[in-house]
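We name chains A, B, ... by the order of the sequence lines, and we start the count at 1 in each one.
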Amino acid sequence: MPAVAAPLTAAEQVIAIKAGRILPISGEPISGGVILIQDGKIIAVGSEVEIPADAEIVDASSGVAMPGLVDARAVRPVRGDRNEQSNEITPTFHISQGINPKSRYLKRALQAGVTTAYVPPGGSNLIAGVGVAIKPFGKTVAEMIVEDDAALHITMGSESTYGNRIPRWNRPDSFYYRRPTTRMAVAWMLRKSFFDAQQYAAESPEQADAALETLTAAANGELPLRVTVRRAIDIRTAFRIADEYGLKITLDECTEGYKVAELIAEKKAPVVLGPYYYYPRTRDQYSEGREFNWNNAGILARAGVKVVLASGAEPEMADLLTAAMFAVRHGMPADDALKAITLTAAEVIGLADRVGSLDVGKDADILILSGEPLAGTSRVRRVILNGRTVHEAD
Amino acid sequence: MKLRSSMALLFILPALMAPVPLGHAGPVRKKVAIDAGRIITITGADIEDGTILIEDGIIKAVGKDVEIPWDAFVMQAEGQVVMPGFVLAHTADGLDRPNENVPEVPFLSTFDSIDPLSAFFEDSLRDGIAAMLVLPGNNTLLGGTGTVVSPRGRTVEDMLVKRYVGLKISLEPTRNTSRMGHMQRFRRYMDELKEYLEEYDRRKKEAEKDKKPFDEEIDPRKQPMIDLQDGKLTAYIYCGVAADVPKAIEIVETHKLKAVLVLSPDCYKAAALIAQKKLPVVLDPELIVWKTNEEQNTEEMKVVPGIFHKAGVKFAFQSDTSRYGRRYLWYQAATAVKYGMSRKEALKSITLYPAQFIGIDDRFGSIEAGKEANLLFLTGDPLDAQTWVDKVMLAGEVVYEKSKDQRLKKLLEGPEEQEESIEQNTD
Amino acid sequence: MKRALLTIVAIGLVSVPTPGRAADAGRTLAVRAGRILTVSNGAIENGVITVRDGKIDGVGVDLAVPKGMETIDAGDKVVVPGFIDAHCHLGLSLNAMAEIDETVQPVTAQMRIIDAFDPTADELAQAVRAGVTTMMLAPGGRNPIGGQTAVVKLSGDRRKRWLVKPSAGVEMSFTSDALMSDRRPTSRPGLITLVQENLDKAAGYESDTFAPTAEVLSRLTRRELPAYVRAVAVDEIDAALSVIDRYELAAVLVGAQQADEMAEMLVEREVAVICGPQLLHSQDHDLKRAGRLAAAGVKVAFGSFAPRTMSGDIRTSAILAVRYGLKRDEALKALTINAAEILGLDGRLGSIQPGRDADLVILDGDPLEPASRVETVIIDGNVVYRREQK
């Protein structure tokens with residue numbers, strides 16, 4: 001997409017935020033400190049920071065300042081189908097072309113403190129395409145994009161088989177008359193895709209094939225690979241295929257990750273959890289036979305896995321702070337939980353150099369809360385994005 | 001040797017025979033004293049390092065310097081917070097089916113439909129609900145009467161707190177009916193009831209006049225609606241949209257009913273009207289409503305409890321076990337406090353007020369002498385998300401202990417820890 | 001004998017044809033009116049327009065009218081150029097629902113809407129009665145590339161004088177109407193990919209092969225044909241512009257309800273907008289958009305999308321838009337010269353000046369007043385409609 005409109009920038013003027021407490025995330029909390037912002041970037045953070053005479057002061061001395069939240073899996077702000085269903089394997093599908101910049105979910109997420117949102121393609125396709133990292137503020141998608149083609153997405157488990165039944169409505173000419181309809185086929189098609197990519201890379205033909213180029217980039221680690229898995233058997237299969245083709249993967253959703261926490265830690269695969277299933281009842285399983293554990297995040301974190309908490313397809317566009325709060329309740333260490341919605345999330349989406357903590361040189365994406373982030377009674381009072389206040393609660 | 005082992009058996013046998021399911025965790029003692037780090041009485045100030053005296057399941061005294069009788073069993077809860085068990089003023093969960101196909105069935109009772117083994121009750125006990133009014137669902141015009149139960153025991157009789165409480169009326173039209181048709185149906189029912197009663201009186205008077213015996217009974221299917229009109233039952237009227245609220249008020253005023261309104265999220269728009277009529281209200285589990293302004297391109301957050309609180313309406317919260325966060329009544333209260341409600345009022349809205357609405361505040365809803373000992377032992381402040389319910393005491397008996405909650409362990413522990421605990425339990 | 005012949009010939013020259021039965025290609029006549037809104041050269045009070053062989057010969061106050069020339073005296077009335085409905089589906093032989101979307105295939109550039117047009121259809125009369133003299137017929141929006149549009153006049157005569165452009169441009173759609181669950185594309189990214197694939201293929205088209213779709217699209221990429229692109233919301237317009245930029249198409253946006261929010265981007269690219277019908281039941285904030293768009297410098301015309309919508313006609317759209325902020329002179333331009341420029345026909349249509357087609361509408365008041373009525377409609381100098389006087 002052509003970036004025609006100018007990206008968001010703040011004025012030349014320095015803005016000084018005086019906060020009661022600063023949580024940089026990348027370091028120790030600071031009591032009664034100051035953050036200086038200029039041109040949309042953080043230029044100073046600390047307790048002994050000198051405020052320039054002409055600086056604009058933001059008085060948050062009764063509040064807590066922390067980095068803007070990073071939602072590593074925000075599926076909502078898309079218009080229409082999140083997959084191009086006419087084909088099961090669509091590596092060159094760009095979800096950035098489907099984003100609705102006026103989506104009400106972006107506005108709600110912003111008010112809940114999300115300043116960077118990563119939008120993946122849908123899960124109906126086996127190889128679904130590439131996702132995009134955006135900042136949820138702006139008129140056009142081009143203004144919002146931080147990084148397009150950010151990662152390639154694969155869906156394991158049964159979601160990619162939905163609709164593929166032979167024959168569908170007795171119409172063999174329907175494009176749903178195709179594989180995969182079983183897990184075997186899912187694994188086979190994945191292997192075939194990466195095998196084809198290997199062949200392509202080895203032969204290097206003159207006619208460039210965009211799809212195979214994308215797969216090759218994912219195979220040799222240039223393009224991050226994210227695999228949506230739910231059940232433990234799918235996690236094991238994902239690692240098996242990853243080992244065969246030398247792939248480095250990140251696991252999305254990972255509902256039964258707690259069952260194989262050590263395996264995931266051993267493979268050094270980060271995990272993006274979300275949404276949070278509590279229904280139908282404490283006892284039951286639900287679709288795909290997933291068994292969930294409330295302390296999935298805690299068990300994984302304690303095993304040494306990098307855990308990210310994201311909103312996923314949560315019906316009311318989950319408040320990430322609430323998600324972190326409950327993760328701690330169920331057993332996740334508090335520091336890990338805070339990182340899971342800021343710095344670790346930024347790392348997983350490849351933007352840790354720009355967002356996720358309050359450090360000099362990073363984007364001035366800052367939240368002012370009325371209290372500690374993991375307290376259920378704290379509110380988001382102000383959201384600063386690229387150095388500008390984009391939301392202020394009354 | 002033999003004697004010793006048989007003596008040992010004497011001690012072990014009772015322990016083996018005593019069932020340890022979730023609902024019964026300890027024997028009932030005549031006198032119990034609880035030493036608590038903090039006591040939240042709800043009706044009075046919080047008490048630091050206080051004591052609660054209980055006799056025969058009833059609270060005898062609560063305070064800082066309460067003398068403990070020599071024969072009382074002392075429960076140490078020094079690091080804990082003790083408060084009244086939560087009360088849920090309206091739910092349709094825990095039923096076989098919440099709605100009937102036929103619209104006018106006020107004679108049905110949820111007593112006949114409650115499933116004690118439903119996970120809803122297990123979850124409720126775990127989450128600190130001491131009593132709930134189970135009413136029919138929102139898709140029947142005259143759904144039937146409700147039952148107040150505590151989430152303990154294997155049969156409805158074990159669970160029973162109070163029968164024949166509340167009559168559910170829903171203003172949400174069913175299937176293909178319109179709101180016009182739905183209201184008209186209600187009015188016709190009430191007209192027919194009036195005619196029936198007039199007919200009945202006429203026949204009765206005739207019999208008296210003719211000095212003939214009159215042993216005709218009122219049709220039992222009509223009795224609940226008659227009791228409603230006589231004020232013996234409270235109407236629980238569900239409003240699906242804000243426009244239903246004036247209709248509910250019309251019903252209440254026309255038939256002079258005692259009523260509690262059960263609201264959908266949209267009904268925040270009618271807060272001023274409800275305040276004017278001084279009607280008590282049960283809020284939908286959804287406490288945040290987003291309003292889209294297409295012209296300005298904005299999303300505005302409406303916080304429902306804040307709106308009602310500002311308008312001066314007395315309300316109770318509902319929970320929703322299908323969503324994280326909202327499944328807990330304390331979370332609902334914490335959300336209200338987050339957006340400006342006072343802590344005291346928020347805590348009342350999950351204890352005293354719902355108890356008052358459903359008419360069990362003589363037993364539930366606060367820690368006061370004379371009320372039943374329905375208490376929660378919490379690991380910390382009730383509105384803190386890191387706090388867990390450690391024990392639940394109902395009528396002086398400890399019926400839930402987190403340390404013995406196997407299901408919760410399974411939900412929180414990883415596979416290795418579970419293997420360990422299985423080993424421990426089979427020793 | 002000679003005299004009788006002369007008389008017959010004279011009568012033939014002078015007789016006024018009854019509505020709908022114009023026999024000649026273009027008439028010669030004069031129109032006298034209280035107010036002539038030329039659009040190109042301002043307003044003329046108490047002026048005269050002379051028409052020769054269906055073309056405007058002269059316009060002015062002190063114009064000499066040849067003796068014996070048939071004159072229409074519209075004494076205190078207003079004359080404007082015939083309105084141009086820039087986008088509609090009227091006059092199709094079966095019905096608009098069935099005729100305009102060939103959805104079996106997503107790309108049907110080779111289809112031409114003119115093949116479904118019946119110039120004698122009754123429903124064209126309703127447009128004429130509203131003062132519309134020319135319309136652009138278009139395929140529907142359920143295909144990403146739907147087919148070729150056509151420009152026709154509503155004179156209905158049998159000698160095909162009504163056909164202005166059988167292939168005026170290519171209709172494209174970036175709206176969710178073009179997405180389907182059982183045919184490509186199911187998603188917008190998929191739609192963009194599909195359109196780009198087809199335009200890429202067209203670049204490699206060679207004229208000796210039989211590839212009708214590629215042939216049409218190659219004319220599109222060489223800017224020999226304009227693209228009429230449907231898009232409603234900001235992100236759809238954005239997607240359309242990305243493709244327009246990439247292939248450097250000569251494009252016009254159709255519908256484009258939220259285009260006012262993207263006005264700078266449109267002005268930069270000189271992309272005009274054919275606004276959809278402004279309806280009485282539309283939201284207030286939506287009715288303000290046409291005015292904002294014009295104020296930002298975007299060229300705006302109106303399309304009725306009839307009979308698919310509940311719009312009366314483009315004149316009603318213009319009146320509503322004026323009510324909600326569109327300037328009156330902009331509104332009149334939108335109905336006339338802007339539409340002509342958008343359709344590449346401003347040399348023939350859209351204004352009252354010498355050389356232009358004599359497509360004129362006489363109203364009993366200001367055309368942008370709802371109470372004003374269309375009295376007479378003239379196409380190519382022929383009177384095709386006269387309001388019945390009771």
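- The number of heavy-atom neighbours closer than 6.0 Å to CZ of C/R222, taken from other residues, nucleotides and ligands shown, is above 12.
- Heavy-atom distances place both the backbone and the side chain of A/N100 under 4.5 Å from chain C.
- Both the backbone and the side chain of A/K139 come within contact range of chain C, judged by heavy atoms closer than 4.5 Å.
- Put simply, the side chain of A/S86 never gets that close to the backbone of C/R183: no donor and acceptor are under 3.5 Å apart.
- Heavy-atom contacts from other residues, nucleotides or ligands closer than 6.0 Å to NZ of C/K201 number 12 or fewer.
- Annotation for C/D238 and A/T140: closest pair OD2-CB, 3.5 Å, computed over non-hydrogen atoms.
- Within a 6.0 Å sphere centred on CD of C/E270, heavy atoms belonging to other residues, nucleotides or ligands number 12 at most.
- Within 6.0 Å of atom CD in C/E224, more than 12 heavy atoms from other residues, nucleotides or ligands are found, so the atom counts as buried in its surroundings.
- Between C/P189 and A/I95, the shortest heavy-atom distance links the atoms CG-CA, 4.5 Å.
- Nearest heavy-atom pair across A/R79 and C/R188 is CD-NH1, 3.7 Å.
- Atom-to-atom distance recorded for C/D235:CG and A/I99:CD1 is 9.5 Å, nearest 0.5 angstrom.
- Residue A/E222 qualifies as enclosed at atom CD: its count of foreign heavy atoms under 6.0 Å is above 12.
- The two residues A/D81 and C/S187 have their closest heavy-atom pair at O-CB, 3.3 Å.
- For the pair C/P185 and A/E84, the minimum side-chain heavy-atom distance is below 4.5 Å.
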The test is side chain to side chain contact (heavy atoms under 4.5 Å, CB included); show your working for C/R184 and A/Q85 and say whether it passes. CA-CA 8 Å; C/R184 230 189 137 183; A/Q85 308 232 25; over 6 Å; no

